[in-house]
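Throughout, a chain's letter reflects where its sequence line sits, starting with A, and its residues are numbered from 1.
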Protein chains: 2
Amino acid sequence: MFVSKGFMATTTRDIADAVGMRSGSPFYHFRSKQELLKTVILEGLEAGQQRLQAAIAGIDDPEQRLRRMMRAHLDHLFASDCQTPLLLYEVRWLEPSARVEVAAVADRYQQPWQTTLDELALLGRLPSSAPPLRLLLFGMLNWSSQWFRPDGDLSLDAIAEAAADLLLA
Amino acid sequence: MFVSKGFMATTTRDIADAVGMRSGSPFYHFRSKQELLKTVILEGLEAGQQRLQAAIAGIDDPEQRLRRMMRAHLDHLFASDCQTPLLLYEVRWLEPSARVEVAAVADRYQQPWQTTLDELALLGRLPSSAPPLRLLLFGMLNWSSQWFRPDGDLSLDAIAEAAADLLLA
DNA sequence: CCTACCGATCGGTAGG
DNA sequence: CCTACCGATCGGTAGG
């Protein structure tokens with residue numbers, strides 16, 4: 001609901017209804033609406049991290065690995081249960097201390113990406129892995145949340161491939 | 001205020017205060033809060049369109065033109081008076097009919113981009129201009145709103161150049 | 001454009 | 001986890 005309607009437009013009553021509770025009961029489980037958001041973002045980042053690790057386990061060739069990471073990232077972006085990258089739009093509603101906490105976990109997610117990009121640059125299969133390359137890459141992938149339609153002409157595979165080809169041209 | 005705090009978190013009282021009005025007065029000028037959003041988005045798109053046209057007037061070489069368009073787009077993205085691409089995040093709060101109206105103007109903004117990309121592809125300076133190339137390009141540029149800091153190491157010029165180099169490799 | 005106000009909603013709490 | 005409720009806020013309006 002935070003993804004589809006946005007944090008501000010989702011009421012704690014909406015959430016209570018969705019799980020068959022009364023309006024006051026969410027606050028038995030969570031101290032505040034913000035803590036609910038923080039929890040779901042952190043859970044999603046964790047799931048994304050694991051999905052990423054699973055996708056690249058045992059893949060030695062860095063180009064193959066990058067392509068799999070991109071596909072895994074897009075999968076996670078549109079998975080109905082944990083659309084974390086979309087939730088990151090909502091981090092702004094957290095208080096600063098919670099925002100710092102989320103940022104630390106999000107940073108950790110970025111590390112394997114930078115490692116793989118550096119590897120490719122070292123092998124000469126990428127002109128450079130210096131900033132802002134990684135951020136441009138995430139831009140290509142994450143922006144798809146603004147226009148991708150599951151019933152459209154382009155598949156997630158096609159998007160991942162097009163972005164990878166652009167990078168590795 | 002819609003950009004920095006978001007539409008939902010900006011109250012009509014905030015807006016009234018900012019221009020020295022009383023709480024009810026914005027509704028003398030605008031029928032509703034939504035209409036205020038629609039107006040400011042459309043004005044910003046118009047300004048962006050003109051900034052883009054001004055940047056490419058008389059530029060025949062398509063690569064030069066694309067590079068200028070990218071720089072102009074980033075400038076517009078972070079111009080303090082009309083951060084339209086950021087406002088496009090808020091389109092979701094408009095009712096469907098207003099959303100359609102905005103989408104039509106936003107589509108018009110995309111046309112010169114596709115034209116220039118097609119031109120480059122025709123000249124063989126781009127492997128292809130087929131979808132989702134244009135959208136990947138906008139992803140690289142627009143996503144910078146999530147991480148760009150004016151006081152950081154990277155300038156808008158550097159970002160535009162890195163993205164252009166990636167595209168035209 | 002202001003005053004005065006309404007109806008509704010919302011996050012959160014006390015007490016059980 | 002429910003009931004009952006509060007304090008505050010908010011978009012919007014009537015009347016001038």
Engineer: Just how far, in rounded Å, is P of dG11(D) from CE of Met1(B)?
Structural biologist: 11 Å
Engineer: With sequence neighbours left out, write down each residue that passes side chain to side chain contact (heavy atoms under 4.5 Å, CB included) with Phe27(B), or none if nothing qualifies.
Structural biologist: Thr12(B)
Engineer: Please state how far atom CZ in Arg22(B) lies from atom P in dT13(D), giving the value in whole angstrom units.
Structural biologist: 20 Å
Engineer: Using a distance-only test with no angle check, is there a side-chain donor-acceptor pair under 3.5 angstrom linking Gln110(A) and Arg134(A)?
Structural biologist: yes
Engineer: Please report the distance, rounded to the nearest Å, between CG in Leu36(B) and C1' in dG11(D).
Structural biologist: 12 Å
Engineer: Tyr28(B) OH to dT3(C) C1': how many Å, rounded?
Structural biologist: 16 Å
Engineer: In whole Å, I'd like the distance from the CD atom of Glu35(B) to the P atom of dG11(D).
Structural biologist: 15 Å
Engineer: Side chains of Trp143(B) and Gln146(B) only: does a donor on one sit below 3.5 Å from an acceptor on the other?
Structural biologist: no
Engineer: Can you check the Arg31(A) CZ to dG11(C) P distance for me, whole Å?
Structural biologist: 18 Å
Engineer: Decide if atom CG of Asp153(B) counts as having more than 12 heavy atoms of other residues, nucleotides or ligands within a radius under 6.0 Å.
Structural biologist: no
Engineer: Could Asp17(A) and Arg13(A) be called an ion pair, given the rule that one side-chain N must be under 4.0 Å from one carboxylate O?
Structural biologist: no
Engineer: From the options dC2(C), dT13(C), dC5(C), select the nucleotide whose nearest atom is closest to the side chain of Phe27(A).
Structural biologist: dT13(C)
Engineer: Does anything in residues 7-14 of chain A reach DNA chain C, meaning a heavy atom under 4.0 Å, and if so which residues?
Structural biologist: Thr10(A), Thr11(A), Thr12(A), Arg13(A)
Engineer: Could you check which of dC5(C), dG11(D), dC2(D) has an atom nearest any side-chain atom of Lys33(B)?
Structural biologist: dG11(D)
Engineer: Which whole-number value in Å describes the distance from Asp17(A) CG to dC10(C) P?
Structural biologist: 11 Å
Engineer: When you check the gap from the basic side-chain N to the acidic O, do Arg67(B) and Asp157(B) get nearer than 4.0 Å?
Structural biologist: no
Engineer: Rounded to whole Å, please give me the gap between CD1 in Ile15(A) and P in dG12(C).
Structural biologist: 10 Å
Engineer: For a quick check under 3.5 Å, do Asp118(A) and Gln114(A) share a side-chain donor-acceptor pair by atom type?
Structural biologist: yes
Engineer: Which residues within residues 88-97 of chain B lie with some heavy atom under 4.0 Å of an atom in DNA chain C?
Structural biologist: none
Engineer: Out of Asp75(B), Leu77(B), Leu141(B), which residue meets the side-chain contact (heavy atoms from CB on, under 4.5 Å) rule with Leu156(B)?
Structural biologist: Asp75(B)
Engineer: Under 3.5 Å, is there a donor-acceptor pair between the side chain of His76(B) and the main chain of Gln49(B)?
Structural biologist: no
Engineer: Can you list the residues that meet the salt bridge (Lys or Arg N to Asp or Glu O under 4.0 Å) rule with Glu101(A), with sequence neighbours excluded?
Structural biologist: Lys38(A)
Engineer: Give me the stems containing DNA chain D, sorted by first residue, counting only three or more consecutive Watson-Crick or G-U pairs with both distances under 3.5 Å; say none if there aren't any.
Structural biologist: C:1-16 with D:1-16
Engineer: Could you name each residue pair satisfying ring-ring contact (aromatic ring centres under 6.0 Å, His included) that touches residues 42-64 of chain A, not counting sequence neighbours?
Structural biologist: none
